[in-house]
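Worksheet for the structure shown next.
Throughout, protein chains are lettered first and strands after them, A, B, ... in sequence-line order, and every chain is numbered starting at 1.
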Amino acid sequence: MELYQGPLDTKKIFSRWLDEQLTSNYGAYIPFVGIIRAEDGIEALSFDIYEPILQKWFDEWQARAIQRGAIVKMAHSIGDVPVHTSSYASAVFSPKRRVALELIEEFVEDFKANAPIWKYDVKNGKRIYAEDRSTPMDGAGLLA
Amino acid sequence: MELYQGPLDTKKIFSRWLDEQLTSNYGAYIPFVGIIRAEDGIEALSFDIYEPILQKWFDEWQARAIQRGAIVKMAHSIGDVPVHTSSYASAVFSPKRRVALELIEEFVEDFKANAPIWKYDVKNGKRIYAEDRSTPMDGAGLLA
Amino acid sequence: MVIVEFLGPIGKAPIQIEANTLADVSAKLKEDAELTGWLEKCAVAINDSMVSDLSVSLKEGDRVSILPPVCGG
Amino acid sequence: MVIVEFLGPIGKAPIQIEANTLADVSAKLKEDAELTGWLEKCAVAINDSMVSDLSVSLKEGDRVSILPPVCGG
């Protein structure tokens, strides 16, 4: 798992992940790249990350992937990421395409639901929590 | 759609596809990269392609993707592709992740079932049709 | 006359035959012992469009393609 | 004493409270009008492990994290 201040260099990340697995004999490599869309007059999105829990979440996913003969990769931005640049890249490597196609979907969807990352719109230099687009994590409401 | 003699330079292709859509305001980019696995003592895989029907198949997919607000990309090798290099890359760009995740799966699965491409194992310099791994296309058996 | 071409691993040169429909093509190809194993696994295109109906009529110069099982990727 | 920290957009400094269980933490936090809107949407971790049971007991120095709705990507 990799965290970066500001936008991701997804070209470098794509290439490095490929090089890292060059001789691992995986047959399918599926990256997912998230790009910041220009909408609602935002200049950028901005992210807070709570790394200890994100790392645990990722490590559990890695263990699950390995049980299925695959591996997962992930990179995310911290702080401001301007529109038309990337804040998120993840990937699955697997011997066969079926497992890879299934895993990338499960991995990305669970990431959206349970990775401890908070998103803010940046407008006129101000950070506004993207509450309407955010999802309570599994187990939310325990203290209510 | 892009066809190349020999292995694909997937790093260049990934980067170029990203650059081509830099200002299209898509939020999700999902490439699928096929890598030749070392197995059964093969040196390489080799491919025949019937381009006119492949182009039609691809154009129909592009039209379907556009109806869903997305686009698809594809590159494939012709001839020999050594183990641990790539013969196939495809991708979906879409405003949102759900459509992208659904489309990449449908696109890759239909590609495996209906793209007019024939695969051969290369062993000791000889091409052997990979019959056991091949799938009759939709409508097969019409003349039997 | 129509042209029948055999794609990929079938490894047979194109042939010209008299045929008014795909049913005629089918009858003709079944006479070739080399092809009997292939026909039940092969799909068919006319002038590069996939077809699924034996009764489709053919005209002079049409190109019929025989497509064996595929495995791209 | 346990430490309660509020992550992301809650924007509140950590506090120290007396609590033997998460139920005690819940009771304490409900006294804070600033937090009432957050609690029903927030998940909870103890020492960076997610928890789903109010009766879990706490020991001196434990760190309780309050995690508001997320949106990575």
Exercise for the section: Verify the distance criterion only: is there a donor paired with an acceptor across the side chains of Trp57(A) and Gln62(A) at less than 3.5 Å? Expected result: no

Handout entry: Any side-chain heavy-atom pair of Lys73(A) and Glu20(A) under 4.5 Å
Key = yes

Problem - Inter-residue atom distance Gln16(D).CD - Met1(D).CE, 0.5 Å rounding - result: 4.5 Å

Practice task
Let me know if Ile66(D) has heavy atoms under 4.5 Å from chain A in its side chain, its backbone, both or neither.
Solution key: side chain

Problem - Heavy-atom side-chain contact between Pro52(A) and Lys56(A) under 4.5 Å - result: no

Practice task
Under 4.5 Å heavy-atom distance to chain A, tell me which part of Lys41(D) shows up: side chain, backbone, both or neither.
Solution key: both

Exercise for the section: Kindly compute the distance separating CD1 (Ile71(A)) from CH2 (Trp61(A)), expressed to the nearest 0.5 Å. Expected result: 14.0 Å

Problem - Distance (rounded to the nearest 0.5 Å) between His84(A) NE2 and Arg37(A) CZ - result: 9.5 Å

Practice task
Rounded to the nearest 0.5 Å, what's the gap from CD on Glu102(A) to CZ on Arg98(A)? Could you check?
Solution key: 4.5 Å

Fill in the blank from the handout: Counting heavy-atom pairs under 4.5 Å with chain A, the top scorer among Ala45(D), Pro9(D), Gly8(D) is Pro9(D)

Handout entry: Option in Leu35(D), Leu39(D), Val44(D), Asp53(D) with maximal non-hydrogen atom pairs under 4.5 Å from chain A
Key = Leu39(D)

Exercise for the section: Return yes if a side-chain donor-acceptor contact under 3.5 Å exists between Tyr88(A) and Ser90(A), otherwise no. Expected result: yes

Handout entry: Residue Gln55(A) versus chain D: region with a heavy atom under 4.5 Å
Key = neither

Problem - Portion of Leu29(D) that has a non-hydrogen atom of chain A nearer than 4.5 angstrom - result: side chain

Completion exercise
Distance col, row Ser87(A):OG vs Leu8(A):CG, nearest 0.5 angstrom, shows 6.5 Å

Practice task
Decide if atom CD of Glu40(D) counts as having more than 12 heavy atoms of other residues, nucleotides or ligands within a radius under 6.0 Å.
Solution key: no

Completion exercise
When rounded to the nearest 0.5 Å, the distance separating OG of Ser15(A) from CG of Asp9(A) is 8.5 Å

Practice task
Compare all side-chain heavy atoms of Leu54(A) with those of Tyr50(A) and state whether any distance is below 4.5 angstrom.
Solution key: no

Practice task
Please tell me if the side chains of Leu58(D) and Asn20(D) come closer than 4.5 Å, counting only heavy atoms from C-beta onward.
Solution key: no

Practice task
Would you mind checking which part of Thr36(D) comes under 4.5 Å of any heavy atom in chain A, side chain (CB onward), backbone (N, CA, C, O), both or neither?
Solution key: neither

Handout entry: Residues of residues 23-35 of chain A with any heavy atom under 4.5 Å of a heavy atom in chain D
Key = none

Completion exercise
Among residues 107-129 of chain A, those lying within the under-4.5 Å heavy-atom range of chain D are Phe111(A), Lys112(A), Ala113(A), Asn114(A), Ala115(A), Pro116(A), Ile117(A), Trp118(A), Lys119(A), Tyr120(A), Tyr129(A)

Practice task
Answer with side chain, backbone, both or neither: which region of Asp24(D) has an atom nearer than 4.5 Å to a non-hydrogen atom of chain A?
Solution key: neither

